[in-house]
Amino acid sequence: MKNDLSKILVSEQQIDEMTSSLAKKIEEDYKDSKKELVALCILKGSLVFTADLIRKINIPVSLEFMKVSSYGAGTVSSGKINIQLDMSRTDYENIDILVIEDIIDSGYTLSLLLELLKERGANSVKTCTLLNKPERRKIDLKPDYFGAVIPDEFVVGYGLDYNEKYRNLPYIGVLDPKIYT
Ligand code: PRP
């Protein structure tokens, strides 16, 4: 798999440092909240990041999963969210939701999801992404927490895939264009 990469963009050690620093900030921000903190892992990409991040947060955290995709998004208002798997909690007024993503690209998926979770009445909704690609943003969306800003390159590994491959690489690399051209 490593031969399919043109370079390693974020090493295992850098990922470890980023997740530790994010976990510390999250812990600090939520430690005095009276509500339950729910880490909402957006499948599939953020599984690996979520697993590492929550183990570094030293306050109680519940875990939920959703699988969503966005389509028909020309503008946010015309965009639709397609929910393939929903979270199991429905007592939204009791929970602080921290949406965990591996990457924010155009921003459509996350902005539609945030709209939905707020509409459902969550006590609060914040976002945490490992990778942030602001160059590709189509709508104004800033994550509350992010690990690294990355250039507009095709990245795989640590949960991120190309045709379902490379998710199990322990670091993040740039896919060699020969693989997809
Ligand atoms: C990726 C990523 C985000 C979304 C970001 O998921 O995990 O959910 O795309 O793109 P956007 O900002 O342009 O909306 P993907 O649909 O590839 O699914 P996966 O996580 O199952 O691979």
Side-chain angles (χ1 to χ4, degrees), residues 1 4-5 8-10 12 14-15 18-19 22-23 26 38-54 61 63-89 97-120 122 125-177 179-181:
M1 287 194 292
D4 296 349
L5 304 180
I8 291 179
L9 195 65
V10 192
E12 282 185 78
Q14 286 170 320
I15 291 173
M18 276 176 201
T19 48
L22 287 169
I26 292 165
V38 172
L40 176 56
C41 169
I42 308 304
L43 297 170
K44 299 177 188 173
S46 86
L47 174 82
V48 182
F49 175 43
T50 303
D52 282 345
L53 183 70
I54 62 167
V61 185
L63 183 58
E64 289 288 329
F65 297 92
M66 278 183 90
K67 178 150 177 57
V68 295
S69 56
S70 57
Y71 60 90
T75 62
V76 192
S77 53
S78 70
K80 295 266 180 302
I81 191 159
N82 175 27
I83 303 175
Q84 290 156 267
L85 173 79
D86 210 338
M87 53 192 283
S88 62
R89 298 288 292 262
I97 301 177
L98 180 63
V99 180
I100 304 181
E101 270 287 19
D102 48 348
I103 190 163
I104 307 178
D105 206 328
S106 69
Y108 284 136
T109 311
L110 200 49
S111 69
L112 290 166
L113 180 63
L114 290 179
E115 224 168 75
L116 176 82
L117 296 171
K118 284 175 188 164
E119 231 172 70
R120 287 177 172 182
V125 187
K126 281 192 180 187
T127 55
C128 175
T129 185
L130 180 66
L131 304 176
N132 191 8
K133 240 191 205 180
E135 271 178 60
R136 294 262 299 176
R137 206 74 96 246
K138 292 277 182 353
I139 50 169
D140 185 26
L141 177 81
K142 290 184 183 65
D144 296 287
Y145 307 93
F146 65 88
V149 168
I150 59 160
D152 186 13
E153 291 183 295
F154 199 132
V155 289
V156 294
Y158 197 69
L160 291 113
D161 75 311
Y162 171 62
N163 283 344
E164 296 302 326
K165 208 175 158 188
Y166 310 106
R167 291 194 198 273
N168 56 325
L169 280 173
Y171 43 76
I172 292 157
V174 175
L175 194 60
D176 193 320
I179 304 295
Y180 56 89
T181 48

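Note that ligands are numbered from 1 as they come in the structure, with each ligand's atoms numbered from 1 the same way.
L98 has its side chain within reach of Y145: a pair of non-hydrogen atoms, C-beta onward, lies under 4.5 Å apart. Under the 4.5 Å side-chain criterion, counting only non-hydrogen atoms from C-beta, R167 is not in contact with L47.
Applying side-chain contact (heavy atoms from CB on, under 4.5 Å) to L43 and the options T50, L85, V68 leaves one that passes, L85.
At a heavy-atom cutoff of 4.0 Å, ligand 1 is surrounded by L43, K44, G45, K67, E101, D102, I103, I104, D105, S106, G107, Y108, T109, D161, R167.
A search for side-chain contact (heavy atoms from CB on, under 4.5 Å) contacts involving E12 returns P170, Y171, not counting sequence neighbours.
When only modelled atom types and interatomic distance are considered, D4 and Y162 share no side-chain donor-acceptor pair under 3.5 Å.
A salt bridge links R120 with D86: the distance from a Lys NZ or Arg NE/NH1/NH2 to an Asp or Glu carboxylate oxygen falls below 4.0 Å.
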